[in-house]
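FYI, side chains are in, hydrogens and waters are out, and symmetry mates aren't considered; it's all heavy atoms of this structure. So that the names make sense, note that chain A is the first sequence line, chain B the second, and so on, each numbered from 1.
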2 protein chains.
Amino acid sequence: MARVENGASKPYRALSNGDFNELLDSVEAFLFDCDGVIWKGDRLIDGVPRTLEMLRSKGKKIVFVTNNSMKSRKQYASKFRKLGLEVSEEEIFSSSFAAAMYLKLNSFPREKKVYVIGEEGILEELKLAGFTCFGGPEDSNKSIQLKSDFMVKHDENVGAVVVGIDPHINYYKLHYGTLCIRENPGCLFIATNCDAVGHMTDTQEWPGAGCMVGAICGSTQKEPVVVGKPSTFMMDFLVERFQIDTMKMCMVGDRLDTDILFGQNAGCNTLLVLSGVTTLPMLEDSLNTIHPDYYTSKVSDILNFLGD
Amino acid sequence: MARVENGASKPYRALSNGDFNELLDSVEAFLFDCDGVIWKGDRLIDGVPRTLEMLRSKGKKIVFVTNNSMKSRKQYASKFRKLGLEVSEEEIFSSSFAAAMYLKLNSFPREKKVYVIGEEGILEELKLAGFTCFGGPEDSNKSIQLKSDFMVKHDENVGAVVVGIDPHINYYKLHYGTLCIRENPGCLFIATNCDAVGHMTDTQEWPGAGCMVGAICGSTQKEPVVVGKPSTFMMDFLVERFQIDTMKMCMVGDRLDTDILFGQNAGCNTLLVLSGVTTLPMLEDSLNTIHPDYYTSKVSDILNFLGD
């Protein structure tokens, strides 16, 4: 397969038999994104179970690294099981978990509280890590009144606002988070990730955490600390946990500006799959500057290369 | 009063008797912001009626230039009347009106539609200008389901999405607007304004249009055309309408990054009032680079200068 040269950018090519066998030789851990790679919504992508089985049978470590903060690791493990895949919580790194780990590693004071714009997964991981948190689903039905006898009093002990994807976003949550960040001195603004859109269902793309994060950027005029991909926070954590050199990792994802950039920033091998948000014309667009080492249509393509 | 020197930035000072009488001599039109200048929520700021009366009695033209897109000019005129101020629609320039004028002046095709994230004021002005529009309040109770048998079909004839402040923001509206901008070729993304927060009531500051606009920036990765302050679109329109040179105008506002910048960009005199979002420490902060010609605590201060 001819190598495609792209000016000053990194060359990339369709994954070949030889490429894959080289990867199998050199890579100890395969890191998989989930939405658009393993599944779309609640539908598994073709051939995923056999592909994961094959990699495990070759002694490869499998890790799932997802920016989707809706679920906790425990909830993701349950989703994997429902889809017929046996995956342990220790193999899952979600941005909900990353948010909790960020606070832990940065010694966030236990007496402070965390306000959450997002789903249950973030609250679960924060509680598991020992933090006091509120917001999220319990604020989904709260409303405000723009009247002179109404105001929202916020908790002055909130020291961090964590923002992830929130399909139940409302003005109350945006107002509460804005009050904490603007008025509580030193209050952290943490984004699980900034994905513009994602395949939260198999029918269409939906606004991602980048939408809610953008809203809070707009009302606070502050930029968040991003803990999910492409930030290297999760990678540093993974390297520490598994003690595997990033050169011996391959990041497999469907998104250039998160998955592939994340892998590249860390020095991993990178494989783009076209089963999610990125199409071949988007990859080949002259304005695109993020190029994986290899691309292929879906993860199960690699089954075809075995034994050749 | 000593002139305050601020390094390379423009010097500014507390409005004095002499300054005001100079302004009275040279200025033909006083442009007033509303929220934080004329009123806070539904409460008039002290002394406003007498101040406006005095300026009118001196033959000055009065214009109200507001970024708040919740109301149409007609609705604003009614609000003024309720507060005991006689103001005509022709004296009011709201960002809802500016959005409609932008489409009109840019020959937006009549057969195309406009989707609105915002309040009734935007829809009213768009309809008055002859455009077909939908969204806004009628979508406030719509919801989505992240399930594989659910999807939102968007209208392919939407050629512009107008985003303003929307206290009834929800995921449906964000999804619909995102679909139009991402999937309809050439679809415009128009922001009434990008105010971070505003005094929509007198009790506290609330997230402004910057919040909803930031959300759509985050989900589309596009930047909007801004028609409200500090963009010069409204000023160009005002100059054309009233045929008054901007040097003979004085912009009076409570906000540095919209009102004062708007006035300065156009070459107007600028007067900051401290009755809204900006405090004296914020003005004097060494990181602040936007300085008005003058500042004073509230508009009625100028009544004290008369006859001296």
Quiz item: More than 12 non-hydrogen atoms from neighbouring residues, nucleotides or ligands closer than 6.0 Å to NZ on Lys79(A), yes or no?
Solution: yes
Self-check item: From CG (Leu174(A)) to CD1 (Ile169(B)), nearest 0.5 Å
Solution: 8.0 Å
Quiz prompt | Atom CD of Glu156(A) with >12 non-hydrogen neighbours under 6.0 angstrom | solution = no
Quiz item: What pairs with Lys40(A) under salt bridge (charged side-chain N to carboxylate O under 4.0 Å, His left out), at least two apart in sequence or on another chain?
Solution: none
Quiz item: Hey, which of Ala215(A), Gly214(A), Cys217(A), Gly210(A) has the most heavy atom pairs under 4.5 Å with chain B?
Solution: Ala215(A)
Self-check item: Test log, rule side-chain contact (heavy atoms from CB on, under 4.5 Å), inputs His168(B) and Asn170(A)
Solution: CA-CA 7 Å; His168(B) 302 98; Asn170(A) 61 29; over 6 Å; no
Quiz item: Using non-hydrogen atoms and a limit below 4.5 Å, what part of residues 143-153 of chain A faces chain B?
Solution: Ile144(A), Gln145(A), Leu146(A), Lys147(A), Ser148(A), Phe150(A), Met151(A), Val152(A)
Quiz item: Which atom names give the shortest non-hydrogen contact between Tyr171(A) and Ile165(B), and what distance separates them?
Solution: OH-CD1, 4.1 Å
Self-check item: Neighbours of chain B found in residues 194-206 of chain A - heavy atoms under 4.5 Å
Solution: Ala196(A), Val197(A), Met200(A), Thr201(A), Asp202(A), Thr203(A), Gln204(A), Glu205(A), Trp206(A)
Quiz item: For atom CG of Asp285(A), is the number of surrounding heavy atoms from other residues, nucleotides or ligands below 6.0 Å larger than 12?
Solution: yes
Quiz item: Counting only heavy atoms not in Asn157(B), do more than 12 sit closer than 6.0 Å to its CG atom?
Solution: yes
Practice problem: With chain B as the partner chain, list the residues of residues 179-187 of chain A whose heavy atoms fall under 4.5 Å from it, by residue number, and write 'none' if nothing qualifies. | Solution: Leu179(A), Arg182(A)
Exercise. Answer yes or no: does atom CG of Asp155(B) have more than 12 heavy-atom neighbours from other residues, nucleotides or ligands under 6.0 Å?
Key: yes
